[in-house]
Amino acid sequence: MESIPFDLARTGAGQRLADDLTSRGLKIDLLINNAGFGDQGRFLQLSLERQLQAINLQNATVVELTHRLLPGMIEQKQGGIITISSMAGFQPIPFASVYSATKAFLTTFSLALEAEVSRFGVRVVTVCPGRLQVAPEDLENSGERKKFPGGEQTHEEVVSEALRAFDRGGGLVIPGAINKFAAFAERFVPRSKVARLIKKISKPPN
């Protein structure tokens, strides 16, 4: 099948893609929301255009596609949605403020949607991985990476856990024991203090 000629980071891209799928006569029974990117740095020094593109891609496009494709799944009483969020969505992250905010939205939206549509036989999985290993084809351009609490996970591990949850009927997936513990422990720390702590360990150079 030919590639879809849409930039999904543009306003209204999700609706245009849904229209294109409909015009092709395609019925979608599994939607995987996996597109995304995030820039690191001081908020005011980062491109506003890029930040707005991240919000469009990771939030608006997801909502648009879900809103347009979900009715068909409900009508058929089958299908599902897998949304790839991040551990970053569980805490405010200075110097990745927009990225962590978009992931917080994704997690909340996906979990709420699961509760709404499970009675129709539609399965919704919310996946919140930690840092993923760099794919072999991207190693050359990955640069130096800081050590990350909990280590790095392979894409295969995350996909495997997500599919197991899908087969069980949906739910929240936090791959890795350390990540699960971190998500649980954060409930007992004020969010403002979490942000200040992360700021100390992730502050970029002036």
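Along the sequence shown, residues carry numbers from 1.
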**Report entry** Q133 to H155 - nearest heavy-atom pair and separation
**Finding:** O-CE1, 2.9 Å
Query raised in the report: Would you say the side-chain atoms of T66 pair up with the backbone N or O of V63, donor to acceptor, closer than 3.5 Å?
Result: no
**Report entry** Approximate separation, where rounding is to 0.5 Å, of N59 CG and N33 CG
**Finding:** 10.5 Å
Query raised in the report: Given the rule that I, L, V, M, F, W and Y join up when any side-chain heavy atoms are under 4.5 Å apart, are I93 and L44 in one cluster?
Result: no
Query - Test ring pair (Phe, Tyr, Trp, His ring centres under 6.0 Å) applied to F184 - qualifying residues, sequence neighbours left out - result: F188
Query raised in the report: Is the backbone N or O of K103 less than 3.5 Å from a side-chain atom of S85, with the two atoms forming a donor-acceptor pair by type?
Result: yes
Query raised in the report: Taking side chain as C-beta onward, heavy atoms only, is F120 less than 4.5 Å from E75?
Result: no
Requested in this report: Following the transitive rule for hydrophobic clusters with a side-chain heavy-atom cut-off under 4.5 Å over Ile, Leu, Val, Met, Phe, Trp and Tyr, establish whether V122 and L26 coincide in one cluster.
Outcome: yes
Requested in this report: Could you grab the distance from atom CD of Q58 to atom OH of Y99, nearest 0.5 Å is fine?
Outcome: 6.5 Å
Report task. Look only at the side chain of S97 and the backbone of P94, and say whether a donor-acceptor pair between them is shorter than 3.5 Å. Result -> no
Report task. Measure the spacing between CG of N179 and CZ of R131 and express it to the nearest 0.5 Å. Result -> 11.5 Å
Query raised in the report: Between R24 and D20, is a salt bridge (charged side-chain N to carboxylate O under 4.0 Å, His left out) present by the stated rule, with each step listed?
Result: CA-CA 6 Å; R24 295 167 184 246; D20 186 75; 2.6 Å; yes
Query raised in the report: How many angstroms lie between CZ in R119 and CD1 in I74, if you round to the nearest 0.5 Å?
Result: 8.0 Å
Report task. Examine distances only and state if a side-chain atom of N34 and a backbone atom of I84 form a donor-acceptor pair shorter than 3.5 Å. Result -> no
**Report entry** Results of side chain to side chain donor-acceptor pair (under 3.5 Å) for D167 - residues two or more places apart only
**Finding:** none
Report task. Check for a donor-acceptor pair, side chain of Q153 on one end and backbone N or O of P175 on the other, with a separation under 3.5 Å. Result -> yes
**Report entry** Atom pair CG/CG of L111 and L106 - distance to nearest 0.5 Å
**Finding:** 10.5 Å
Query raised in the report: For V173 and A165, which heavy atoms make the closest approach, and how far apart are they?
Result: CG2-CB, 3.3 Å
Query - S100 to A88 - nearest heavy-atom pair and separation - result: CB-O, 3.4 Å
Query raised in the report: Between CG of L17 and CD of Q15, what distance do you get to the nearest 0.5 Å?
Result: 11.0 Å
Query raised in the report: How about R68 and D19: do any of their side-chain heavy atoms sit closer than 4.5 Å?
Result: yes
**Report entry** Heavy-atom side-chain contact between I81 and M73 under 4.5 Å
**Finding:** yes
Query raised in the report: Is there a donor-acceptor contact under 3.5 Å from the side chain of S160 to the main chain of E156?
Result: no
Query raised in the report: Honestly curious: do V158 and F181 fall in one hydrophobic cluster under the side-chain, below-4.5 Å linking rule?
Result: no
**Report entry** Pairwise side-chain contact, V98 with L46, heavy-atom cut-off 4.5 Å (strictly under)
**Finding:** no
Report task. Answer yes or no: are there more than 12 heavy-atom neighbours, outside F43 itself, under 6.0 Å from its atom CZ? Result -> no
Report task. Could you tell me whether a side-chain N or O of N56 sits under 3.5 Å from a main-chain N or O of A9, the two making a donor and an acceptor? Result -> yes
Report summary line: For A18 and L65, the nearest pair of non-hydrogen atoms, with its separation, is N-CD2, 4.2 Å
**Report entry** With sequence neighbours excluded, residues passing side-chain contact (heavy atoms from CB on, under 4.5 Å) with F90
**Finding:** M87, T107, C128, I174, A183, E186
Query raised in the report: With side chains defined as the heavy atoms from C-beta onward, is the minimum distance between V124 and T83 less than 4.5 Å?
Result: no
Query raised in the report: Backbone N or O of F166 within a donor-acceptor pair of the R123 side chain at under 3.5 Å?
Result: yes
Query raised in the report: Do F37 and R50 have side-chain heavy atoms sitting under 4.5 Å apart?
Result: yes
